[in-house]
2 protein chains.
Amino acid sequence: MPVTSAFSDTDRHLADALKALAHPARLTIVRLLANRDECVCGEIVDDLPLAQSTVSQHLKALKEAGLVRGTVEGRSTCYCLDPEAMAAVKEAIDGLFDGLFLSAPNDNCC
Amino acid sequence: MPVTSAFSDTDRHLADALKALAHPARLTIVRLLANRDECVCGEIVDDLPLAQSTVSQHLKALKEAGLVRGTVEGRSTCYCLDPEAMAAVKEAIDGLFDGLFLSAPNDNCC
DNA sequence: ATCGCATATCGTCGATATACGATAAGTCCC
DNA sequence: GGGACTTATCGTATATCGACGATATGCGAT
């Protein structure tokens, strides 16, 4: 790791969030959590074509990125999205894309 | 690649796009390209704290994800965002986040 | 206390990502 | 053609990812 800083905290943070989302299994999990009114416990494993331990790792990745919260609920664990974190990511992404469409029609070059 | 399918093409495609964006250097590059009316040639390397070959690899990653176009322009190469591809990614991300805010106030559990 | 279930963690493996320097490939100018 | 410049690619080293099975942990029921 050759001097990992050199980029802004903001960019590193956004990159981490994007990395957390950048996997089909984790996208599926996020969608699953988003489309529920209730928190989801065990069903996540059943809905993915992956081993239980693998799903647990993906959930851990999402938790570490702060996008998902998990609370122990009896003998199982209950997951739901962190709405604020997700909103923050959406904000950051929107910010990224903002300048875009002003300069879109400049196809004089490429 | 242990049976990579099992997820939808859509999700794999979105995951690839997110992965392409999920690095501070590539975020920086995208922002750089977004904030320009003109295409950018050599200056990208100067604006990043990375070796020229590394930057070239990041640009290649963005090109392979279809987010960036590069055309040889004289003795240098000219890069710009692909507005349609970026718009498509934004669409896909918005779709991901859409269901979110209806079910946000369900914090009865987590 | 013990059994059974749900989840987490560990250890491991192959694949991929990230970085660099060195070198190739292309273009312009002389 | 020969040099100077810009970008791409190669080779390589290290780190991280993604998957799995095996095992640990925690809880509820018996």
Side-chain angles (χ1 to χ4, degrees), chain A residues 1-7 11-12 15-30 32-33 38-65 67-80 109-110, chain B residues 1-7 11-12 15-29 32-33 39-65 67-80 109-110:
Chain A
M1 206 177 323
V3 191
T4 308
S5 73
F7 292 104
D11 272 1
R12 280 187 286 129
D16 285 344
L18 292 172
K19 206 183 304 179
L21 293 173
H23 190 286
R26 294 195 289 270
L27 286 176
T28 304
I29 290 173
V30 167
L32 225 154
L33 295 178
E38 307 264 326
C39 295
V40 180
C41 304
E43 310 140 42
I44 300 175
V45 172
D46 302 332
D47 286 11
L48 291 175
L50 295 171
Q52 176 269 326
S53 59
T54 306
V55 174
S56 188
Q57 277 188 113
H58 283 305
L59 284 165
K60 189 183 179 192
L62 288 168
K63 262 197 295 187
E64 280 173 352
L67 302 178
V68 154
R69 292 186 303 219
T71 58
V72 178
E73 193 90 6
R75 89 176 87 186
S76 63
T77 305
C78 209
Y79 287 101
C80 60
C109 159
C110 300
Chain B
M1 212 173 316
V3 192
T4 309
S5 70
F7 293 105
D11 272 1
R12 280 187 285 129
D16 285 344
L18 291 172
K19 204 182 308 180
L21 292 173
H23 190 287
R26 293 195 289 271
L27 284 177
T28 305
I29 291 172
L32 225 153
L33 296 178
C39 295
V40 178
C41 304
E43 308 140 44
I44 299 176
V45 172
D46 301 333
D47 287 10
L48 291 176
L50 295 171
Q52 175 269 326
S53 58
T54 306
V55 174
S56 188
Q57 278 188 114
H58 283 304
L59 284 164
K60 190 183 177 191
L62 288 168
K63 261 195 297 186
E64 282 173 350
L67 302 178
V68 155
R69 290 186 304 216
T71 56
V72 178
E73 192 89 4
R75 90 174 88 186
S76 63
T77 306
C78 210
Y79 286 101
C80 60
C109 157
C110 299

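Chain naming here is simple, since letters A, B, ... match the order of the sequence lines and numbering starts at 1 in each. Just so it is clear, the values below take in all heavy atoms, side chains as well, and ignore hydrogens, waters and symmetry mates.
- Checking dG18(D), dT7(D), dA19(C) against the side-chain heavy atoms of H23(A) singles out dG18(D) as nearest.
- The side chain to side chain donor-acceptor pair (under 3.5 Å) test applied to H23(B) returns no partner, not counting sequence neighbours.
- Partners of D11(B) according to the side chain to side chain donor-acceptor pair (under 3.5 Å) rule, which considers only residues two or more places apart in sequence or in another chain, are T28(A), R31(A).
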*Nucleic acid footprint by protein, nucleotides 25-30 of chain D - heavy-atom cut-off 4.0 Å, B for base, S for sugar-phosphate alone*: --SSS-
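- E64(B) is linked by a side chain to side chain donor-acceptor pair (under 3.5 Å) to nothing, counting only residues two or more places apart in sequence or in another chain.
- Considering only side-chain atoms of T77(A), the nucleotide from dT7(C), dC20(C), dC20(D) that sits closest is dT7(C).
- Looking at residues 53-64 of chain A, you'll see S53(A), T54(A), Q57(A), H58(A) sit with a heavy atom under 4.0 Å from some atom of DNA chain D.
- With sequence neighbours left out, A61(A) forms a side-chain contact (heavy atoms from CB on, under 4.5 Å) with R26(A).
- Once rounded to the nearest 0.5 Å, the distance linking CG of L21(B) with CG of D16(B) reads 11.0 Å.
- The residue among Q52(A) and R26(A) whose nearest nucleotide of DNA chain D is located toward the 5' end is R26(A).
- Applying the 4.0 Å criterion to OP1 and OP2 of dT6(D), one finds that Y79(B) has every side-chain N and O outside that range.
- Listed nucleotides: dA8(C), dC20(D), dT7(D). Nearest to the side chain of L50(A): dC20(D).
- Atom-to-atom distance recorded for L59(B):CG and I44(B):CD1 is 5.0 Å, nearest 0.5 angstrom.
- Take T77(A) and apply the side chain to side chain donor-acceptor pair (under 3.5 Å) test, not counting sequence neighbours, and it matches no residue.
- Contacts of T54(A) classified as side-chain contact (heavy atoms from CB on, under 4.5 Å), with partners at least two apart in sequence or in another chain: L50(A), A51(A), H58(A).
- Whole-Å rounding puts the D16(B) CG to dG18(D) P distance at 12 Å.
- The 5' end of DNA chain C is approached more closely, in terms of each residue's nearest nucleotide, by V45(A) than by the other of K19(A) and V45(A).
- Every pair passing salt bridge (charged side-chain N to carboxylate O under 4.0 Å, His left out) that includes a residue from residues 42-52 of chain A is listed here, sequence neighbours excluded: R36(A)-E43(A).
- The CD1-P distance, from I44(B) to dT7(D), rounds to 8 Å in whole Å.
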